[in-house]
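Written out below as structure tokens is the structure these notes cover.
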Amino acid sequence: MALEEKISFFSREDANEFQKYLRENGCSSRISVDYEYSGVPYFEGTITAFINFADMLCKKEEDADIETLKQNLIERKNILDDFLKSHKAGDVITESTPSQILALAQSIDSVGSAIEKEAAGKFEQTLMILATLEDNGLLEEINESDGYILKNVKDAGDLTVMYPYTDISGVTSEDLENSEITSHIITSSETKFIVTVGAEILFSSDMDDMVDLLDEMDTYEDESARFIDNIFFKKVLVSKIQESVESGAKSEADILSILDSPSFKLTDTEDTISFDISAEFLSEVISDLKKQGFLSGKDGKIKSN
């Protein structure tokens, strides 16, 4: 159905809760599960091995991107060196609690422009240090509020890191043979719990509760905003179709001709909207509106109920 809308959740619990809300508000829905499995190839090696590898590639052929990577690796090594030299095994890393990292991130938006760059840099450094130590098995989590214990101290150059193939272009098998860099493919699965919402949602007069509910749930990036926006856009389309029929449009061709106008002014705003839709999509929308009881008609004729 063209007027159905979908939203994906990380967990079945959230999907079930959202479906319960829809049911309580007279809207049909169904849940399906989608599994995705993919792999990403990485180059893997110690920081020192990568610096040497980048240096070798730069000598073979001048490449600004590889040179930038080399400088970033050197900077990464220096930052990690400074951190590890100031800590010992058994130290509690208190600056790594989620609340502290969040506070650091929020401080970037609250400070003046003069120190905004410094705050952002500190935030990136903190995440880089924690991620590198965790990837090398050097951190032991105490709990969410108390941070981590540093299990061991290593030379920064001996820490293992990975870079996607796309970050280092033009590498040949011969290049790898002459280095200490190896190839590592990381595969992962992703499970999406997809709620398909019936067309009834378009005729709900108040969606504030639904917006508030979605704000509390874990959805994929921008999913809630996209979902709400699409419902609004479809509401406007349906309203325009009904208005066209009430104004004398008697066929899908008539409606499509009306919708082909450059733009329409949205009610109570200065915004405008235009509709670039296919005849096939409009036909499906009309079919859905007939099923909902808002339109009727046979043999290509359309009328409002």
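Counting from 1, the numbers follow the sequence of the chain as shown.
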- Do the side-chain N and O atoms of S28 and E200 include a donor-acceptor pair separated by under 3.5 angstrom?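 Their side chains do contain a donor-acceptor pair, which is all the 3.5 Å distance test asks for.
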Tell me who clusters with [X], hydrophobic residues only, linked when side chains sit under 4.5 Å apart either directly or through other members.
{"X": "M1", "answer": "none"}
{"X": "F10", "answer": "Y220"}
{"X": "V40", "answer": "Y42, M162, I186"}

If you count the non-hydrogen atoms of other residues, nucleotides and ligands that lie under 6.0 Å from [atom1] in [X], is the total more than 12?
{"X": "K298", "atom1": "NZ", "result": "no"}
{"X": "E180", "atom1": "CD", "result": "no"}
{"X": "E24", "atom1": "CD", "result": "yes"}
{"X": "K6", "atom1": "NZ", "result": "no"}

According to side-chain hydrogen bond (donor to acceptor under 3.5 Å, both in side chains), who are the partners of [X], at least two apart in sequence or on a separate chain?
{"X": "E75", "result": "none"}
{"X": "Q71", "result": "E67"}
{"X": "K70", "result": "D55"}
{"X": "D175", "result": "K60, T172"}

Sequence-distant partners of [X], side-chain contact (heavy atoms from CB on, under 4.5 Å), two or more places apart:
{"X": "L256", "answer": "I277, A279, L282"}
{"X": "N230", "answer": "E5, R226, F233"}
{"X": "K250", "answer": "D254"}

- Message: Counting C-beta onward and ignoring hydrogens, is there a side-chain heavy-atom pair between T191 and E36 closer than 4.5 Å?
- Response: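 A side-chain contact is absent here, since even the closest heavy-atom pair is not under 4.5 Å.
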- Donor-acceptor pair, side chain of E44 and main chain of H184, under 3.5 angstrom: no
- Query: Looking only at atom types and distance, does a side-chain atom of D14 sit under 3.5 Å from a main-chain N or O of D218, one as donor and one as acceptor?
  - Reply: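 Flag set: sc D14 to bb D218 pair under 3.5 Å.
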- Pairs satisfying ring-ring contact (aromatic ring centres under 6.0 Å, His included), at least one member in residues 235-277, at least two apart: F264-F275
- Message: Once ring-ring contact (aromatic ring centres under 6.0 Å, His included) is applied, what residue pairs with a partner in residues 49-68 remain, sequence neighbours excluded?
- Response: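 Found F50-Y163.
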- Checking T132, N78, I93 against F83 for side chain to side chain contact (heavy atoms under 4.5 Å, CB included), the one that qualifies is I93
